[in-house]
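FYI, the numbering just counts along the sequence from 1. All ligand and atom numbering here is 1-based and tracks the order in the structure.
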Amino acid sequence: MKITNICCIGAGYVGGPTMAIIAQKCPHIKVTVVDLNAERIAAWNDENVENIPIYEPGLSELVGEARGRNLFFSTEVDKAIDEAQMIFISVNTPTKTYGLGKGMAADLKYIELCARQIASIAKNDKIVVEKSTLPVRTAEAIKSILENTGNGVHFQILSNPEFLAEGTAVQDLLQPDRVLIGGETSPEGEQAINSLVEVYANWVPKERILTTNVWSSELSKLTANAFLAQRVSSINAMSELCEKTGADVNEVARAIGMDSRIGPKFLKSSVGFGGSCFQKDILNLVYIAKSYGLHEVADYWVQVIIMNDHQKRRFAANIVQTLYNTVSGKKIAFLGWAFKKDTNDTRESAAIYVSDYLLNEQANIAVFDPQVKEKQVLADLDYLQSRPSDLNKKGINVMDDPYEVCKGAHAVAILTEWDEFREYDWQKIYDNMQKPAFVFDGRNILDTPKLTAIGFIVQSVGSTN
Ligand code: UDX
Ligand code: ADP
């Protein structure tokens, strides 16, 4: 089937950028992104394209070009479903916070609601594409809902996991390492797969478009994220050993990364990984393994999370210990709040956990992040439910000037690796801080010798400087 009308349910960090690229690369396809969240849709439609709800380098330009031509953002979910030949499901699948599988399994409630809505609206055959990361065999559940509650029309379910990383989403979408499409092995399944292959083939070389069965595709996504997170936890485990032995984790990473079997990427030691995917997907993997009685498999992967939690906690504890065992009433300046640079996404950001720890120690925290606003910082802390909201508000102060944030501080902590942090006038920051002036570089991005020459006491992850 030649696709000319696509709808995407969910205008988030995956749905928004993905659809913007499809619209740009396929001018013959009408792409409508729908969401229940009217505020989010209004932001996507904001006259000033710089105000779209997601910050990604290059994204606003793309949206500005395609919006109103063949890219539309709307809250009219039913209408978009009705008109589309192909429907991408790109809604959130958070970790369950209640009941069976609480704290581990993926909550499929939003997926199920989507499936029911598609079933009730569809009056002709449709291809439904899972874009959200899902547990293995979710396609089966979606199919069962569609077939049992629908209007007798036929659905083909495809799994097409998205591998884009935030901060580089546009580049990752334009030149993906691979596009993965899982579908049924029946002739109808193959037809559906081909329809989606043809969409991507508008800009992705065919040899990079991989087709598999549905289950392999679903599991590949979880596996890729688990492997990536495991690399970060592995280098972070070594960082602690480096600090004890006098080795330097950056040197170790360079040395092992030159082994072509290991490769240089994803070996940056840090305050701990964050983001909406790694922890959620590993917990999900662990839950699935346990549900099949594979306890050794589950224990193996859970260790990646244990290490990551340890890394965040020990970064915070080290600040307290270094500041003479107390931060009570002291000002700690946070540079960065997002879970990585070049995004405004803060989900599971290490900054949230480090600040929670320090607030428990009665620190006063001042935060600057180039893309994160106060409302989000407070929402992130309130979500933890560690203390009443008014105490979070009292303990944390978000400002839009990094120099003000650092003024009078006892210590500066780098939580996100934004490039601009390197370029700051560190002499000016030093002059306005309490002495001794400490810097805790949770991302190893600063020029330690330069800062030390100014007078700072610098502590970086994974080295004794
Ligand atoms: C990840 C996967 O990379 C992507 O393929 C998938 O689609 C979604 O999940 P994302 O979470 O956007 O993408 O960012 P990623 O670049 O993977 O970083 C995740 C976290 O790991 C960040 O907090 C980052 O700072 C941290 N990280 C990454 C490190 O600490 N060290 C590294 O070497 C790499
Ligand atoms: P991701 O990072 O995976 O893209 P987000 O949480 O950023 O996830 O986005 C998911 C979006 O899906 C949210 O904006 C949410 O409002 C939307 N959503 C969830 N369920 C539905 C639904 N049934 N219909 C329309 N939109 C939905």
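- Closest protein heavy atom to atom 5 (O) of ligand 1: Phe163 O, 2.7 Å.
- Residue-level proximity to ligand 1 for Ile235 is absent, since no heavy atom of it falls below 4.0 angstrom.
- To the nearest 0.5 Å, the span separating CZ on Phe155 from CD1 on Ile127 amounts to 11.5 Å.
- Distances from ligand 1 to the non-hydrogen atoms of Glu348 include no value under 4.0 Å.
- Not one N or O of Ser276 is nearer than 3.5 Å to an N or O of ligand 2, by distance alone.
- Annotation: the span from Met307 atom CE to Arg314 atom CZ amounts to 6.5 Å, rounded to 0.5 Å.
- Shortest non-hydrogen contact noted between Thr18 and Glu162 is CG2-OE1, 3.9 Å.
- Using a 4.0 Å cut-off between heavy atoms, Cys277 contacts ligand 1 through its side chain alone, with no backbone atom that close.
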(request) I would like to know whether Ile262 and Arg231 meet side-chain contact (heavy atoms from CB on, under 4.5 Å); could you show each step before the answer? (result) CA-CA 10 Å; Ile262 296 175; Arg231 276 175 77 95; 4.0 Å; yes
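- Across all their heavy atoms, Val405 and Met399 have their closest contact at CG2-CB, 3.6 Å.
- Atom 12 (O) of ligand 2 has its closest protein heavy atom at Gly10 CA, 3.4 Å.
- Of all the heavy atoms of Lys221, the ones lying under 4.0 Å from any atom of ligand 1 belong exclusively to the side chain.
- In this structure, the protein non-hydrogen atom closest to atom 8 (O) of ligand 2 is Arg347 NH1, 3.7 Å.
- Here is the list of ligand 2 atoms found below 4.0 Å of a heavy atom in Tyr13: 1 (P), 2 (O), 4 (O), 7 (O).
- Remark: among candidates Ala165, Gly275, Gly274, Ala350, the nearest residue to atom 20 (C) of ligand 1 is Gly274, based on non-hydrogen atoms.
- Residues Ser132 and Ile111 come closest through the heavy atom pair OG-CD1, 3.9 Å.
- Ligand 1 has a nitrogen or oxygen under 3.5 angstrom from a nitrogen or oxygen of Arg443.
- At a heavy-atom distance under 4.0 Å, atoms from both the backbone and the side chain of Val14 approach ligand 2.
- Listed by number with element, the atoms of ligand 2 under 4.0 Å from a non-hydrogen atom of Ser90 are 10 (C).
- Side chain of Arg40 to backbone of Asp35: no donor-acceptor contact under 3.5 angstrom is found.
- More than 12 heavy atoms of other residues, nucleotides or ligands sit less than 6.0 Å from atom CG of Asn202.
- For Tyr98, the OH atom counts as densely surrounded, since its 6.0 Å shell holds more than 12 non-hydrogen atoms of other residues, nucleotides or ligands.
- Residue-environment remark: CD (Glu39) stays at or below the threshold of 12 foreign heavy atoms within 6.0 Å.
- Salt bridge absent: Lys244 and Glu240 never bring a charged side-chain N and a carboxylate O closer than 4.0 Å.
- Geometrically, ligand 2 and Tyr110 share no nitrogen or oxygen pair separated by less than 3.5 Å.
- Comment: Glu140 does not engage Lys143 in a salt bridge, judged by the lack of any side-chain N to carboxylate O separation of less than 4.0 angstrom.
- Taking 4.0 Å as the cut-off between side-chain N and carboxylate O, Lys280 and Glu348 do not count as a salt-bridged pair.
- Between the side chain of Arg422 and the backbone N or O of Ile445 there is at least one donor-acceptor pair closer than 3.5 Å.
- Annotation: Phe273 places no N or O atom under 3.5 Å from an N or O atom of ligand 1; distance criterion only.
- The shortest N or O to N or O distance between Glu166 and ligand 1 is under 3.5 Å.
- The nearest non-hydrogen atom to atom 27 (C) of ligand 2, considering only Asp345, Ile118, Val91, Thr93, comes from Val91.
- A heavy-atom distance below 4.5 Å is found between the side chains of Trp337 and Ser355.
- Closest heavy-atom contact between Pro53 and Trp44: CG-NE1, 3.4 Å.
- In terms of polar-atom proximity, Phe339 is counted as a contact of ligand 1, with an N or O under 3.5 Å from an N or O of the ligand.
- When the heavy-atom distances from atom 18 (O) of ligand 1 to Lys280, Lys265, Lys340, Lys268 are ranked, the shortest goes to Lys340.
- Scanning the protein for heavy atoms near atom 30 (O) of ligand 1, the closest one is Ser270 OG, 2.6 Å.
- Atom 22 (C) of ligand 2 has as its closest protein heavy atom Leu36 CD1, 3.5 Å.
- The shortest N or O to N or O distance between Val232 and ligand 1 is not under 3.5 Å.
- With distances taken over non-hydrogen atoms, the option nearest atom 17 (O) of ligand 1 out of Phe266, Tyr13, Phe227 is Phe266.
- Taking 4.0 Å as the cut-off, Arg231 does not count as a neighbour of ligand 1 on heavy-atom distance.
- Asn92 OD1, 3.3 Å is the protein heavy atom nearest to atom 19 (C) of ligand 2.
- Among protein heavy atoms, the minimum distance from atom 3 (O) of ligand 1 is reached at Leu228 CD1, 3.7 Å.
- Between Asn37 and ligand 2, no N or O atom pair is found at a separation short of 3.5 Å.
- Closest to atom 1 (C) of ligand 1 among all protein heavy atoms lies Phe278 CE2, 3.4 Å.
- With hydrogens left out, the protein atom closest to atom 15 (C) of ligand 2 is Asp35 OD1, 3.4 Å, a heavy atom.
- Heavy-atom distances between Ser132 and ligand 2 stay at or above 4.0 Å for every pair.
- Under 3.5 Å, the side chains of Glu130 and Ser217 contain no donor-acceptor pair of N or O atoms.
- Nearest to atom 2 (C) of ligand 1 among the protein's heavy atoms is Asn225 OD1, 3.5 Å.
- Residue-level proximity to ligand 2 for Lys280 is absent, since no heavy atom of it falls below 4.0 angstrom.
- Between Leu267 and ligand 1, an N or O atom pair is found at a separation short of 3.5 Å.
- Taking all atoms of both residues into account, the shortest heavy-atom contact from Ile365 to Val367 is CG2-CG2, 3.9 Å.
- Counting heavy-atom neighbours within 6.0 Å of Met238 CE, excluding the residue itself, gives a total of 12 or less.
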